[in-house]
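Heads up, the thing below is written out as structure tokens.
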There are 2 protein chains.
Amino acid sequence: MAGQAQYEELVRQLSAVGAVRRDLARIMPPDCPAGSGAVLTILDVHGDMRMSKLAEHLAVDLSVTSRQVAHLVARGWIERLPDPVDKRSRILHLTPAGLDRLDDLFRRTTQLLAERLSDWSDDEVGQLIHLMSRLRESFGDCRPHPGRVHAPADAPVIEETTRTPANAHT
Amino acid sequence: MAGQAQYEELVRQLSAVGAVRRDLARIMPPDCPAGSGAVLTILDVHGDMRMSKLAEHLAVDLSVTSRQVAHLVARGWIERLPDPVDKRSRILHLTPAGLDRLDDLFRRTTQLLAERLSDWSDDEVGQLIHLMSRLRESFGDCRPHPGRVHAPADAPVIEETTRTPANAHT
DNA sequence: TATTGTTATACTCTATAACTATA
DNA sequence: TATAGTTATAGAGTATAACAATA
């Protein structure tokens, strides 16, 4: 059990690591952005699965997964096969072209990481992987669900800007 | 220097940790979303600074920072003070109301983390913080800049969907 | 001319809600 | 009625480019 100061610092670091994610995303090809790579990776690691299972892995809503999958199907990187035991379901399958694409993605990210982490030891990288993996596990199934309630907003606010009147040139 | 397999796994874990970030973002009040907290935090930790410095801390484009700051100024959580030595510049200052807001945010995230990480030792949390901080440092100033080039896109693709013709009901 | 910041625009990611098809 | 998946819509995050003011 850690102290409040540690938790605050952890939140700061989670936010800061976002910059690393963005840097990695920037070297992706434009037709295969951020989330697409994640989908391909999961299918590569865990094999064929249905939409709902994929959404669980990604920890996002099924509607998000549906869009991402449509994008990948349109490019021929994955297929949606019928499920013999449930006609509502669709089995997702990584195609050879998708595997090629994935190899390309890994080549890009590996190269960038090799540059940036040239002074990291094998063991240090392993520890970071281990701890991040454990962090993810500790949060379990953290997809959105209706149970959670947000705090009410404060009084309404006028979005003002200091220098330029909002409607000076309309 | 780590191997390719480790780098691939690191990318996967960076992606997976996104679920944790989203879970934390979900408990934020609606009028103080994701990035707003990050801005308040940085001003709290590092004190007053100008826009460009803040953008550097956040590792985002100045235009992004400008929008986020305008949001926070509209709510009275930060102020834009004139810079006595450079009239182009504006010094950002956290207000007492902003500090109150920040306390509220920390209370929320700390509570969630205390629940999720109840079986983590103080030392383990410390190690994760240390390694993530080091990861961020290894990437240095990784803001977008024109030097980087993306790979050209493949042949154009028709975004098709399997079940519903795209324009069946327009 | 270069720098600081703002704004317009566009695209990705994510969520909620309404809908269709099947169980 | 409940579940699997799709689509429409909306909001946050981020980037590029055009712009204004100052150095």
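All of these numbers come straight from a predicted model, not from anything done at the bench.
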Calculate the interatomic distance between [X] atom [atom1] and [N] atom [atom2]; express it in whole Å.
X	N	atom1	atom2	result
Asp23(A)	dT14(D)	CG	P	13 Å
His71(B)	dG11(D)	NE2	C1'	12 Å
Arg26(B)	dG13(D)	CZ	P	14 Å
Met28(A)	dT14(D)	CE	P	17 Å
Arg80(A)	dA4(D)	CZ	P	17 Å
Leu24(B)	dA15(C)	CG	P	13 Å

Sorted by position of nearest nucleotide on DNA chain C, 5' first, the leading residue of Asp86(A) and Asp86(B) is Asp86(B)
Following the transitive rule for hydrophobic clusters with a side-chain heavy-atom cut-off under 4.5 Å over Ile, Leu, Val, Met, Phe, Trp and Tyr, establish whether Val45(A) and Leu94(A) coincide in one cluster. no
Under-3.5 Å donor-acceptor pair between Ser63(A) side chain and dT14(C) base: no
Could you name each residue pair satisfying ring-ring contact (aromatic ring centres under 6.0 Å, His included) that touches residues 24-56 of chain A, not counting sequence neighbours? His46(A)-His57(A)
Apply salt bridge (Lys or Arg N to Asp or Glu O under 4.0 Å) to [X] and list each qualifying residue two or more places apart in sequence or on a separate chain.
X	answer
Glu9(B)	Arg12(B)
Glu124(B)	Arg134(A)
Asp83(A)	Arg50(A)

Does [X] make a side-chain N or O approach to OP1 or OP2 of [N] shorter than 4.0 Å?
X	N	value
Ser89(B)	dG5(C)	yes
Arg67(A)	dT14(C)	no
Arg143(B)	dA15(D)	no
Arg22(B)	dC13(C)	no
Arg90(B)	dT6(C)	yes
Gln68(B)	dA12(D)	no

Mind checking what makes side-chain hydrogen bond (donor to acceptor under 3.5 Å, both in side chains) contact with Ser63(B), not counting sequence neighbours? Asp61(B)
So which one's nearest nucleotide on DNA chain D is more toward 5', Arg21(A) or Thr65(A)? Thr65(A)
Going by the side chain to side chain contact (heavy atoms under 4.5 Å, CB included) test, name the single residue among Leu102(A), Leu92(A), Thr95(A) that passes it with Leu43(A). Leu92(A)
Hey, can you pull the residues of residues 49-62 of chain B with a non-hydrogen atom under 4.0 angstrom from DNA chain D? Val60(B), Asp61(B)
Among the nucleotides dA21(C), dT7(C), dA15(D), which one has an atom lying closest to any side-chain atom of Arg88(A)? dA21(C)
